[in-house]
Amino acid sequence: MEASLQAALEALSDPIRRRIVRELAQVPDWSRPCGTFNELPVAKSTLSHHFSVLRNVGLLEQRDEGARRLNRLRKAEFDERFPGLLDLVLSEP
């Protein structure tokens, strides 16, 4: 993971992205498809952008399984690079 602290902070500055991260932290890896985030108050194209930002900063990994794109929060990897940062996000109400 080569993301800078600035990029990580910018990625986590958006409330929708923080919500995606919190929701992924509550489920097993690879169990939450992108299509199940339809309760978020953004357009599908905007949601795709949010996933892209999270991928680019190293917080999220995705894999295609048939017609679904599954997600995994890269908590251990992100914690190694930025200790404590993700815990702050996950503890947010």
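FYI, side chains are in, hydrogens and waters are out, and symmetry mates aren't considered; it's all heavy atoms of this structure.
- The line from CG of Leu40 to CD1 of Ile20 is 5.5 Å long, rounded to the nearest 0.5 Å.
- Between Glu61 and the choices Arg55, Lys75, Arg72, the salt bridge (Lys or Arg N to Asp or Glu O under 4.0 Å) rule is met once, by Arg72.
- Placement of Phe78 and Trp30 in two distinct hydrophobic clusters is found when ILVMFWY residues are connected by side-chain heavy-atom separations under 4.5 Å, directly or transitively.
- No single ILVMFWY cluster, assembled from side-chain heavy atoms under 4.5 Å apart, contains both Val53 and Leu86.
- Arg68 and Pro33 make their closest contact through NH1-CG, 3.7 Å (heavy atoms, listed as atom of the first residue, atom of the second, distance).
- To the nearest 0.5 angstrom, Thr36 atom OG1 is 7.5 Å from Asn71 atom CG.
- A distance of 10.0 Å separates CD of Glu10 from CG of Leu5, quoted to the nearest 0.5 Å.
- Proximity of Asp64 to Arg69: side-chain heavy atoms (C-beta onward) are separated by under 4.5 Å at one or more points.
- Atom CG of Leu85 sits about 6.0 Å away from atom CG of Leu9, to the nearest 0.5 Å.
- Scanning both residues, Asp14 and Ile16, for their nearest heavy atoms gives OD1-N, 2.8 Å.
- Atom CZ of Phe51 and atom CG of Leu59 lie 12.0 Å apart (nearest 0.5 Å).
- A donor-acceptor contact shorter than 3.5 Å is absent between the side chain of Arg32 and the backbone of Val27.
- Under the 4.5 Å side-chain contact rule for hydrophobic residues, Leu70 and Leu24 do not share a cluster.
- Contact detail for Leu90 and Arg22: the closest heavy-atom pair is CD2-CA, 3.9 Å.
- In terms of heavy-atom proximity, Gln62 sits nearest to Cys34 at NE2-SG, 3.2 Å.
- The line from CG of Leu47 to CG of Asn38 is 9.0 Å long, rounded to the nearest 0.5 Å.
- When hydrophobic clusters are built by joining Ile, Leu, Val, Met, Phe, Trp and Tyr residues whose side-chain heavy atoms come closer than 4.5 Å, directly or via intermediates, Val57 is not grouped with Leu88.
- In this structure the side chain of Leu60 never reaches within 4.5 angstrom of the side chain of Arg74, judged on heavy atoms.
- Summarising the local packing, CD of Glu80 is surrounded by 12 or fewer heavy atoms from other residues, nucleotides or ligands at distances under 6.0 Å.
- A salt bridge links Arg19 to Glu23: at least one charged side-chain nitrogen sits closer than 4.0 Å to a carboxylate oxygen.
- Closest heavy-atom contact between Ala8 and Phe82: CB-CE1, 3.8 Å.
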